[in-house]
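Small disclaimer: the values here were computed from a predicted structure and weren't measured. Chain letters run A, B, ... following the sequence lines, proteins first and then strands; every chain starts at 1.
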Protein chains: 2
Amino acid sequence: MELNHKQKNALDFIVRYLREHDRPPTLREVGKAIGVSSTNGVRYLIDALISKGYLSRSPSLSRGISLTDKTMRQHGSLRMVPLVGRVAAGSPLLAEENLEGQIAVDPTLIGRSETFALRVKGESMRDAGIMDGDILFARPQSSAQKGDIVIALLDNEATVKYFRPEGNRICLQPANPKFAPIFVEKKSPDFRILGKVIGLMRKM
Amino acid sequence: MELNHKQKNALDFIVRYLREHDRPPTLREVGKAIGVSSTNGVRYLIDALISKGYLSRSPSLSRGISLTDKTMRQHGSLRMVPLVGRVAAGSPLLAEENLEGQIAVDPTLIGRSETFALRVKGESMRDAGIMDGDILFARPQSSAQKGDIVIALLDNEATVKYFRPEGNRICLQPANPKFAPIFVEKKSPDFRILGKVIGLMRKM
DNA sequence: TAATATAATGAACATATGTTCAAAAGTCAA
DNA sequence: TTGACTTTTGAACATATGTTCATTATATTA
């Protein structure tokens, strides 16, 4: 009942393909992945996996392979009970400007406070581990402490920077030597702090 | 941008079919389910759903329909992901002794695929925007593609690195010039790939 | 009403994909 | 080595499935 190397390989590929595509592979795709040139070779292999209880098949159906309970258990189907509850509605201000949808987040990430999310554009905070395309979570507030990473509205553009007050002006400092700091008057009407960054999420 | 009754019907069916079969339906199956007799009628309908951002398609591919993030968000709920702590030697990755807790995650971030989470230790992937203390989400798999960021078990220690196979050894490459790459024999018993990194979360 | 856009049909087509078969190649025990 | 068994190949085949097109029906609007 043991699987040999090639069978294990094939099963691995099928499981992985399913996860990545939400769709089973074809015989030819399996063959290509594990180095078997004829569809019949693959068929043979898969028949073995079926008879050993790792797979099942709907005959004549395209992409008809499916995983058995046994396989799902071994590869640990961890789909758990969904947690019901709403998390962190965006602030109305940003909801209007930048509405991309709602994102659910674990409360351990952002606590109980009101929160909004923003997608990062550009590389200016790279050295703080904030990359282009990342999603930031921020707590809305109109002031900040020295050293906070803030989301600021500057000339109708949201920007993410370190917050460094200096006398009666403010230095918005990037975390990337290729970018220059921005200085604004504290009382400038074109400048406003929207919130303080408290978390980050990235899809890779 | 609203969906009419028939479109909503079709979308519902596709989501349901996917959930029940782990495989997208064919055009003919959709047509039969919603009462459209020609495949082209279904195609028309699905094109509408695609242009409205609910579905996507891999052209010419059998069962090539897939759900967009938007649709997953609407139809999916929060998912719980196990947080893996220290991985004990020999024990399966997701054995209870290895688990530190559960994290709720938006399906947008990790899709429907099986996922585990791991807390990052150290600075070795700094230049990839992966910082000390970050939580990584990974898809469990025992092999990987060149260039993937993987979580690997090396001498009973979980480590995060770029995966670069070179002949019969593997280079585990940090994203930080201060760290040296690690080389391991492909068949080394002390080495094992645990999964591929697909997302990241940071609390600040 | 006419005109225009939207939906759906039916049939033909192209190709993606599973199935089958005979033969070759490899494996393993007697 | 022989012989039985397993595994793979290659090619032909059948069918499942996406694509295209001309046409008709249905709604919407000027």
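Rounded to whole Å, atom C1' of dT19(C) lies 11 Å from atom CG of Asp47(A). Rounded to an integer number of Å, the gap from CG of Asn9(B) to C1' of dA8(C) is 16 Å. Atoms CD1 (Ile46(A)) and C1' (dT20(C)) sit 16 Å apart, rounded to a whole Å. Atom-to-atom, CG of Leu45(A) to P of dG18(C) comes out at 15 Å; the value is rounded to the nearest Å. Atom CG of Leu27(B) and atom P of dT15(C) are 17 Å apart (whole Å). Rounded to a whole Å, the OH atom of Tyr44(A) is 18 Å from the P atom of dA24(C). Asn40(A) has its CG atom 13 Å from the C1' atom of dT6(D), to the nearest Å. Between Arg23(B) atom CZ and dA16(D) atom P the separation is 14 Å, expressed in whole Å.
Distances shorter than 4.0 Å separate some side-chain N or O of Ser37(A) from OP1 or OP2 on dG10(D). OP1 and OP2 of dA16(C) both lie 4.0 Å or more from every side-chain N or O belonging to Thr26(A).
Residues meeting the salt bridge (charged side-chain N to carboxylate O under 4.0 Å, His left out) test with Glu185(B), sequence neighbours left out: none.
Val36(A) comes within 4.0 angstrom of sugar-phosphate atoms only, judged by non-hydrogen atoms across all strands, and of no base.
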Task: Test side-chain contact (heavy atoms from CB on, under 4.5 Å) applied to Leu172(B) and Tyr162(B), step by step - done: CA-CA 6 Å; Leu172(B) 295 174; Tyr162(B) 281 114; over 6 Å; no

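Of the residues near DNA chain C, Ser60(B) and Asn4(B), the one whose nearest nucleotide (by heavy atom distance) lies more toward the 5' end is Asn4(B). Residue-to-nucleotide proximity on DNA chain C shows that, of Ser62(A) and Arg28(B), the 5′-proximal contact is made by Arg28(B).
Side-chain atoms of Thr39(A) come within donor-acceptor range of the base of dT19(C), with a qualifying N/O pair under 3.5 Å. A donor and an acceptor atom never sit less than 3.5 Å apart when one is taken from the side chain of Arg43(B) and the other from the base of dG18(D).
Using a 4.0 Å cut-off between charged nitrogen and carboxylate oxygen, Glu29(B) and Arg63(B) count as a salt-bridge pair. Classification of Arg126(B) and Asp127(A) as a salt-bridged pair fails, no side-chain N sitting under 4.0 Å from a carboxylate O.
Between the Ser62(A) side chain and the Ser62(B) main chain, no donor and acceptor come within less than 3.5 Å of each other.
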